[in-house]
Asker: 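For reference, the structure I am asking about is given below.
These figures come from a predicted structure and were not determined experimentally.
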Number of protein chains: 2
Amino acid sequence: MAKSPQPGTRERIVHAASLLMQRQGYEGTGIKQIAQEAEATLGSVYHFFPGGKQAVGVAAVQHADQEFADLLSAALSEEADPAKAIAACARALACHLRDSGWVDGCPISATALETTGRVPAIEQAVNRAFQHWRDIVADTLRGAGFRESDAHDLATTVISTLEGAELTAQVFKSETPLTVAGEHLARLINSYKG
Amino acid sequence: MAKSPQPGTRERIVHAASLLMQRQGYEGTGIKQIAQEAEATLGSVYHFFPGGKQAVGVAAVQHADQEFADLLSAALSEEADPAKAIAACARALACHLRDSGWVDGCPISATALETTGRVPAIEQAVNRAFQHWRDIVADTLRGAGFRESDAHDLATTVISTLEGAELTAQVFKSETPLTVAGEHLARLINSYKG
DNA sequence: TACTGGGTAGAGCGTTCGTTCTAGCCTGTG
DNA sequence: CACAGGCTAGAACGAACGCTCTACCCAGTA
């Protein structure tokens, strides 16, 4: 009974919410639209998320958090050199963004910007996601022999820059901002080596 | 209610729209809220902006575009060394963000993310703003003797990174991401010198 | 004096929002 | 077979949305 049945209605709702919020933000996405996209009914949504739209939003952010963390971990473990790994990661994001028709950028930044200081529950989920991602990068850098404080600062800038470059690429509808940012990050990281 | 002094009604509307959209995005901001904040009436808003909410949004983005361009130009012309100037600019953004209670980040990024691929008029205004800002940085770098292509790529990354760092700083409610990003950008720029 | 027109004021339109509610379906157990 | 309970289905609510509409105020002009 505690197990979710079939291809999981709850999962479909979270996935649809995450996708829609990625593309049109939190405010721009309606509960009914989420239900429709998930091929669920309003009743189901409120059954699984008695907390309403906020609760769906939090779950969607957490889902996107884990999804991007997995992508980041995979990209970083494929390459021994962290500088090259991050540049490759930026290129991968650029490809994905292009293939989506310049629509699928960072899955939570739109939601983050709309809700800062106004919806604490979502704010907190976003905060945790950013910490999560930064820590993944920081751990990789530490593992590659970077000094503790350098690793932390570099990881912060890596996340910031990827985030910003994704936005810029989306605005310009061009892969260039992301690929260039990746190369610049690699150059920056290499300048700390040794 | 009480009649407002000097500044024209149209200007008050644009200013209020810009501020509200900065804090809660395009979708999260209502026309009536804009009118109220501007101490104007709905009739006045539709008198000055027959195009409705989209038209107000475009004007707000253009206003924010010019405002940030002025801030950028001022910061860049205060320092001869562009690397130091950009680091100083990042610190200034951090101060402003902190003083606003971590609420006033980039004035258009929330709107940009919500409207990409969905509201062409606003999309275009955002595109022009990013180009505008990038060109200001690129011109400064070119003026400081950087190669044409280096200046262009660096300018793109500077805007991306500032944008992303502002978001990260907002999420973490900390000045650090912005100040660190500023220092990293300075280091990156200096690595292209000579 | 009367006219003119930019600007102000706000009631109210149709729609959609988030949410609540009741009723019914379906499946696993006793 | 009966029956409980997780889940689905969708009608309906008040509030808020973007927007339209008419009426009014009040210089400036003649």
Side-chain angles (χ1 to χ4, degrees), chain A residues 1-18 20-21 23-61 110-111 114-115 118-123 125, chain B residues 1-18 20-21 23-61 110-111 114-115 118-123 125:
Chain A
M1 70 152 214
K3 276 270 266 186
S4 52
Q6 319 279 41
T9 303
R10 203 197 119 102
E11 282 175 23
R12 291 205 315 278
I13 292 169
V14 172
H15 185 261
S18 180
L20 289 169
M21 283 166 55
R23 298 185 179 178
Q24 32 189 38
Y26 177 74
E27 301 286 357
T29 303
I31 288 266
K32 287 172 184 171
Q33 190 187 7
I34 291 170
Q36 187 177 337
E37 190 74 15
E39 298 189 52
T41 63
L42 221 39
S44 301
V45 176
Y46 279 94
H47 171 76
F48 287 109
F49 300 95
K53 192 183 181 185
Q54 279 195 31
V56 177
V58 169
V61 167
T111 299
E114 286 172 314
T115 58
R118 301 197 304 120
V119 190
I122 293 184
E123 206 177 358
Chain B
M1 317 294 177
K3 272 215 312 210
S4 269
Q6 304 303 63
T9 303
R10 202 197 120 101
E11 282 175 23
R12 292 204 316 277
I13 292 169
V14 172
H15 186 261
S18 179
L20 289 169
M21 284 166 55
R23 297 184 179 177
Q24 30 189 37
Y26 177 73
E27 301 286 356
T29 303
I31 288 268
K32 286 173 184 169
Q33 191 187 7
I34 291 171
Q36 187 178 338
E37 189 74 16
E39 298 188 52
T41 63
L42 217 40
S44 300
V45 176
Y46 280 94
H47 170 76
F48 287 108
F49 301 95
K53 192 183 180 184
Q54 280 196 30
V56 177
V58 168
V61 167
T111 299
E114 285 174 314
T115 57
R118 299 173 48 242
V119 190
I122 292 184
E123 207 178 358

Asker: What is the separation between atom CE on Met21(B) and atom P on dG18(D), rounded to the nearest whole Å?
Answerer: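 Computing the Met21(B):CE to dG18(D):P distance gives 12 Å.
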Asker: Taking only heavy atoms on the protein side, list every residue of residues 41-54 of chain B lying under 4.0 Å from any atom of DNA chain C, sorted numerically.
Answerer: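 Correct list: Thr41(B), Gly43(B), Ser44(B), His47(B), Phe48(B).
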Asker: For the pair made of CD in Gln33(B) and C1' in dC19(D), what is the distance, rounded to whole Å?
Answerer: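 Atom CD in Gln33(B) sits about 17 Å away from atom C1' in dC19(D).
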Asker: Which heavy atom in Ile31(B) sits nearest to a heavy atom in Gly52(B), and how many Å separate them?
Answerer: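 Minimum heavy-atom contact is CD1-C, 4.4 Å.
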Asker: Please report, rounded to the nearest Å, how far the P atom of dG10(D) is from the CD1 atom of Ile31(A).
Answerer: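 It works out to 17 Å between those atoms.
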Asker: What pairs with Glu39(A) under side chain to side chain donor-acceptor pair (under 3.5 Å), at least two apart in sequence or on another chain?
Answerer: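 Residues passing side chain to side chain donor-acceptor pair (under 3.5 Å) with Glu39(A): none at all.
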Asker: Give the rounded distance in Å between these two atoms: CD of Gln36(A) and C1' of dT16(C).
Answerer: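 Rounding to the nearest Å, CD of Gln36(A) and C1' of dT16(C) are 13 Å apart.
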Asker: My understanding is that only residues two or more places apart in sequence, or in another chain, count here; which of them pass side chain to side chain contact (heavy atoms under 4.5 Å, CB included) with Phe49(A)?
Answerer: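 Phe49(A) satisfies side chain to side chain contact (heavy atoms under 4.5 Å, CB included) with Arg10(A), Ile13(A), Val14(A), Ala55(A), Val56(A), Ala59(A) once adjacent residues are dropped.
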Asker: For the pair made of CD1 in Ile13(A) and C1' in dC7(D), what is the distance, rounded to whole Å?
Answerer: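 Ile13(A) atom CD1 is separated from dC7(D) atom C1' by 10 Å.
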Asker: Is Thr9(B) near enough to dT8(C) that one of its side-chain N or O atoms lies under 4.0 angstrom from OP1 or OP2?
Answerer: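 For Thr9(B), the contact criterion (side-chain N or O under 4.0 Å from OP1 or OP2 of dT8(C)) is met.
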Asker: With sequence neighbours left out, which residue pairs that include part of residues 27-36 of chain A fulfil the salt bridge (Lys or Arg N to Asp or Glu O under 4.0 Å) condition?
Answerer: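 Non-adjacent pairs meeting salt bridge (Lys or Arg N to Asp or Glu O under 4.0 Å): Glu27(A)-Arg118(A).
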Asker: Please compare Gly28(B) and Lys32(A) by the position of their nearest nucleotide in DNA chain D and report the one closer to 5'.
Answerer: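 Taking each residue's closest nucleotide, the earlier one in sequence belongs to Lys32(A).
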Asker: Using atom OH of Tyr26(A) as one end and atom P of dC17(C) as the other, report the distance to the nearest whole Å.
Answerer: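 In whole Å, dC17(C) P and Tyr26(A) OH are 14 Å from each other.
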Asker: With sequence neighbours left out, write down each residue that passes side chain to side chain donor-acceptor pair (under 3.5 Å) with Thr29(A), or none if nothing qualifies.
Answerer: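 Applying side chain to side chain donor-acceptor pair (under 3.5 Å) to Thr29(A) gives Gln24(A).
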Asker: Can you name the residues that form a side chain to side chain contact (heavy atoms under 4.5 Å, CB included) with Val58(B), not counting sequence neighbours?
Answerer: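 Per chain and number, Val58(B) pairs via side chain to side chain contact (heavy atoms under 4.5 Å, CB included) with Gln62(B), Ala121(B), Ile122(B), Ala125(B).
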Asker: Take atom CD of Glu39(A) and atom P of dG10(D), then tell me their distance rounded to the nearest Å.
Answerer: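 Taking CD of Glu39(A) and P of dG10(D), I get 13 Å after rounding.
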Asker: To the nearest Å, how far apart are Glu27(B) CD and dA16(D) P?
Answerer: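 My rounded result for the distance is 18 Å.
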